[in-house]
Amino acid sequence: MTWLSAFSIGGLERFAMRSLFAWVVGQHFPSALGFKGFPAPNGLARVLDLSLLLDPALLTRCRYLLYFALVLYVLRIGWSFVLPYMTLISVSAGSVINSQGAISHHLQIISLVLLAQTGAHFYGVFRARTGAARENTDGREGRLINWSQQAIAAAYLVSALTKLIHTKGAWFLQSPMMAVQIVKTTEQDYYDRLDPTALASGAAIAGWMAHHPLLVAVVMSSGLILELSAPVLLLGRGYAALYGLALILFHETVGRVMQLHFNYNEYLIWIFLVNVPFWILLALRIFQARFPRPGSARL
Amino acid sequence: MVTLRVLDFLRRIPGRPLLLITAVCLLLREEFPFSHFPMYSSFGRSTYYVYLTNGADQPLPTVTTLGVSTPTLKKIYESEVRREMERIPRASRKSLSLEQRRPAGERVLQRLLNSPRVQQSGNVLSAGLRLYEMRITLERREFQKRKELIAEL
C-alpha cells in the first residue's frame with residue numbers, strides 16, 4: 001500500500017465532493033421538457049407512465065424537491081430517501097429525453113453514478129442489518145465514492161468494448177475513417193446556428209487526417225487503450241488523478257476536433273477522479289509539516 | 001515473473017459494481033440510464049447528416065429555430081428511416097431509394113412543425129420547410145459530397 005492510498009479521506013474533501021456533485025445533479029435536471037409524448041419509449045418510460053413530467057408545473061415542483069433533496073444530500077441527512085429520489089428523478093428525466101426517437105449520451109453518466117451511490121448506500125444498510133462489522137458514516141461514504149468511481153470506469157470500459165465488438169477488433173484499422181466523421185460533425189455544428197467559425201479549421205483537420213491515416217490510427221488507438229484501461233483508475237488516488245487528467249485531455253481534444261462535448265463526464269471526472277480539493281489539502285498538510293508554526297494546530 | 005506481476009496488479013483492482021454495470025450496459029445496450037455507448041464505435045468511408053432549409057433553400061439554424069440540434073435531428077430521421085426499412089422485406093440502409101426514404105423525412109418535418117417550440121413561436125416556418133440529406137464519402141483521400149432533397153412541406 002502506498003502512502004497515497006493509505007491517506008484517509010478528509011471531511012473537507014468529502015464535503016467538497018458532495019457539494020460539487022449536488023451542483024452537477026442540479027444542473028443536469030432540465031428546466032423544461034418541451035415534448036408532446038413518447039414516440040420511442042426508452043428506459044424507465046417503457047415500464048412507467050412518465051407523462052406527468054411533461055406537465056411544466058409538475059416538473060417545476062419535482063425540480064424544487066430535487067433542490068431540497070440535494071441540500072439534504074450535502075448535509076448527509078436522510079440518504080435512504082434522498083438518494084433514491086435523486087436517482088429516480090434523474091433516470092426519469094433522461095428516459096423522457098431519450099424517448100423522442102433520438103438517443104443522446106450526455107446524461108447517462110450522472111444517472112449511473114447516482115444509481116451506484118444508491119446501491120452503495122443500501123449495500124451498507126444491508127451489511128449493517130446482517131451483522132457485519134459496524135461502519136461509521138465516513139466509511140459508508142467512502143463506499144459511495146468508490147462505487148461512483150467504478151460507475152465512471154464502467155462507462156469508459158463499455159465504450160471501449162463496444163468499439164471492439166462492433167469492429168470485431170479492427171477499430172485500429174477503421175479509425176483513420178474518422179476524417180469523414182469530422183467533416184460531418186463540423187458541418188452539423190455549422191447548421192446548428194449557421195455559425196461558420198469552426199468550418200475552416202474542421203475542414204483543415206479532416207483533410208490532414210485523410211492524408212495521414214497511419215498517424216491517425218496510432219493517436220486514435222491511444223484513446224481506445226485509455227478507455228479500455230479504465231479499471232486502473234480504481235487502484236488508488238494517484239492512479240485516479242492521473243487517469244482523470246488523461247480523460248479530461250481526451251474529452252477536450254475530442255471537443256475541439258469534433259465539436260462533441262461531454263461536459264457532465266468532465267465534471268464528474270474532476271470531482272471523483274482528479275479530486276482537486278484532496279490535493280490542495282495534501283499540499284497544505286505537507287507545507288504545514290515542513291514549515292510548522294509554533295503552537296499551530298494540524299490541518 | 002512479469003506475468004505474475006501483471007496478474008497481481010490486475011487482482012488489486014476492486015470492481016464488482018464495475019463488472020455489474022459493464023455487463024448490464026452491454027446486455028441492455030440502450031435503455032436509459034444504461035448504454036453501450038456506440039458513438040463512433042465503427043467507421044465507414046461514407047457517412048451523412050441532415051439539415052433544414054426554408055422553401056427558398058436558405059439553411060435554417062436548427063437549434064435557434066426549432067430547439068433541436070443537427071445531430072439529434074439526424075437521430076430522429078434515422079429512427080424514422082429504420083421504421084421504413086422494417087416495412088420493406090430484405091431492405092438495407094444503402095438500398096433504400098429516395099422515394100422509400102421520403103415518408104420518413106415527411107414524418108420528421110411534420111413532427112418539427114407540431115413541436116411545442118414551433119407552435120409557441122408562431123409563423124417562423126411559413127416559408128416552407130425542406131429536409132436535405134448530405135452524404136460525405138472519402139475517396140482517394142478526397143471528400144466527395146452529394147446532397148438529396150428528402151422531403152418538403
Side-chain angles (χ1 to χ4, degrees), chain A residues 34-36 39-40 42-44 46 90-91 94-95 98 100-105 107-108 111-112 115-116 119-120 146-147 150-151 153-155 157-159 161-163 165-167 171 174-175 177-181 183-185 187-189 191-194 206 210-211 231-232 234-235 260, chain B residues 9-10 12-22 25-26 30-49 51-52 59-64 67-76 78-80 111 114-117 120 134 136-138 141-143 145:
Chain A
F35 308 119
K36 280 191 168 173
N42 181 270
L44 214 52
R46 282 187 193 274
S90 170
V91 174
S95 297
N98 272 6
Q100 305 306 315
I103 302 283
S104 64
H105 295 96
L107 294 174
Q108 278 89 344
S111 296
L112 280 176
L115 202 60
N146 177 261
W147 285 31
Q150 296 204 37
L157 181 61
V158 167
S159 171
L161 292 174
T162 301
K163 287 182 176 80
I165 293 166
H166 282 187
T167 59
W171 198 81
Q174 287 188 7
S175 60
M177 293 298 143
M178 176 68 103
V180 188
Q181 301 294 331
V183 176
K184 181 192 81 176
T185 53
E187 294 187 10
Q188 279 181 326
D189 189 54
Y191 283 109
D192 274 351
R193 290 182 177 80
L194 299 186
H211 287 87
V232 168
L234 300 170
L235 282 171
L260 288 174
Chain B
F9 180 78
L10 292 175
R12 283 168 53 205
I13 297 173
R16 268 181 287 182
L18 167 91
L19 293 177
L20 184 66
I21 295 169
T22 304
C25 283
L26 289 174
E30 285 299 349
E31 292 298 342
F32 196 91
F34 302 103
S35 171
H36 61 145
F37 300 108
M39 310 85 81
Y40 304 103
S41 58
S42 63
F43 302 107
R45 286 195 172 276
S46 181
T47 187
Y48 80 95
Y49 65 88
Y51 69 95
L52 299 166
L60 292 171
T62 50
V63 168
T64 45
V68 179
S69 72
T70 317
T72 302
L73 187 66
K74 182 195 171 181
K75 286 175 187 171
I76 296 170
E78 188 61 32
S79 68
E80 292 293 346
R111 212 172 122 186
N114 291 335
S115 70
R117 169 85 172 234
Q120 282 163 17
M134 176 68 87
I136 310 156
T137 308
L138 183 61
R141 300 188 178 186
E142 296 297 330
F143 299 106
K145 292 183 191 173

Handout entry: A:K184 (side chain) donor-acceptor with B:Y49 (main chain) under 3.5 angstrom
Key = no

Problem - N/O donor-acceptor pair under 3.5 Å between A:K36 side chain and B:N114 backbone - result: yes

Handout entry: Close side-chain approach of A:V91 to B:F32, heavy-atom, < 4.5 Å
Key = yes

Practice task
Kindly give the heavy-atom pair with the smallest separation between A:V158 and B:S35, and that separation in Å.
Solution key: CG1-O, 3.5 Å

Practice task
Evaluate the side-chain proximity of A:D189 to B:T70: yes if any heavy-atom separation is below 4.5 Å, no if none is.
Solution key: no

Exercise for the section: Say whether, by atom type as modelled, one donor and one acceptor occur between the side chain of A:Q108 and the main chain of B:P33 under 3.5 angstrom. Expected result: no

Completion exercise
Heaviest contributor of heavy-atom pairs below 4.5 Å to chain B, chosen from A:I103, A:D192, A:L194, A:T185, is A:D192

Problem - Residue among A:S95, A:G94, A:A206 with most heavy-atom pairs under 4.5 Å to chain B - result: A:G94

Handout entry: Main-chain N/O of B:P38 paired with A:T162 side-chain donor or acceptor, under 3.5 Å
Key = no

Practice task
Of all the heavy-atom pairs spanning A:H166 and B:S41, show the shortest one and how long it is.
Solution key: ND1-OG, 2.7 Å

Completion exercise
Cut-off 4.5 Å, heavy atoms of chain B, and the answer for A:L157 is side chain

Practice task
Can you tell which part of A:S90 gets under 4.5 Å to a heavy atom of chain B, answering side chain, backbone, both or neither?
Solution key: backbone

Handout entry: Which atoms of A:A155 approach chain B - backbone, side chain, both or neither, heavy atom under 4.5 Å
Key = both

Handout entry: Heavy-atom pair with the smallest gap, counting every atom of A:A102 and B:K75
Key = CB-CB, 3.3 Å

Problem - A:Q188 side chain reached by B:M134 side chain, heavy atoms, under 4.5 Å - result: no

Practice task
State, yes or no, whether a side-chain contact exists between A:Y191 and B:P61 at a heavy-atom distance under 4.5 Å.
Solution key: no

Exercise for the section: Quick one: do A:H105 and B:H36 satisfy ring-ring contact (aromatic ring centres under 6.0 Å, His included)? Show the steps, please. Expected result: CA-CA 10 Å; A:H105 295 96; B:H36 61 145; 7.8 Å; no

Practice task
Starting at CD of A:Q181, measure out to CG of B:L138 and round the result to the nearest 0.5 Å.
Solution key: 11.0 Å

Exercise for the section: Kindly give the heavy-atom pair with the smallest separation between B:R111 and A:G101, and that separation in Å. Expected result: NH2-N, 4.4 Å

Problem - Leading residue by heavy atom contact count with chain B [cutoff under 4.5 Å; candidates A:S159, A:G43, A:G34] - result: A:G43

Handout entry: Side-chain touch B:I21/A:L112, heavy atoms, less than 4.5 angstrom
Key = yes

Handout entry: Close side-chain approach of A:V180 to B:R45, heavy-atom, < 4.5 Å
Key = no

Handout entry: Proximity breakdown for A:N42 and chain B, heavy-atom pairs closer than 4.5 Å
Key = both

Handout entry: Part of A:L107 lying under 4.5 Å from any heavy atom of chain B
Key = both

Completion exercise
Turns out that what part of B:Y40 lies under 4.5 Å from chain A's heavy atoms comes down to both

Exercise for the section: Check salt bridge (charged side-chain N to carboxylate O under 4.0 Å, His left out) between B:K145 and all other residues, then give those that pass, not counting sequence neighbours. Expected result: A:E187

Handout entry: Flag side-chain contact, heavy atom, 4.5 Å: B:S46 against A:M177
Key = no

Practice task
Count the heavy-atom pairs under 4.5 Å between each of B:S69, B:S79, B:P71, B:S115 and chain A, then report the option with the highest count.
Solution key: B:P71

Handout entry: Any side-chain heavy-atom pair of B:S42 and A:W171 under 4.5 Å
Key = no

Handout entry: Interface moiety of B:E142 toward chain A, non-hydrogen atoms closer than 4.5 Å
Key = side chain

Practice task
Under 4.5 Å heavy-atom distance to chain B, tell me which part of A:A40 shows up: side chain, backbone, both or neither.
Solution key: neither

Exercise for the section: Identify the heavy atoms of A:A153 and B:L18 that sit nearest to each other, and give their distance. Expected result: CB-CD1, 3.6 Å

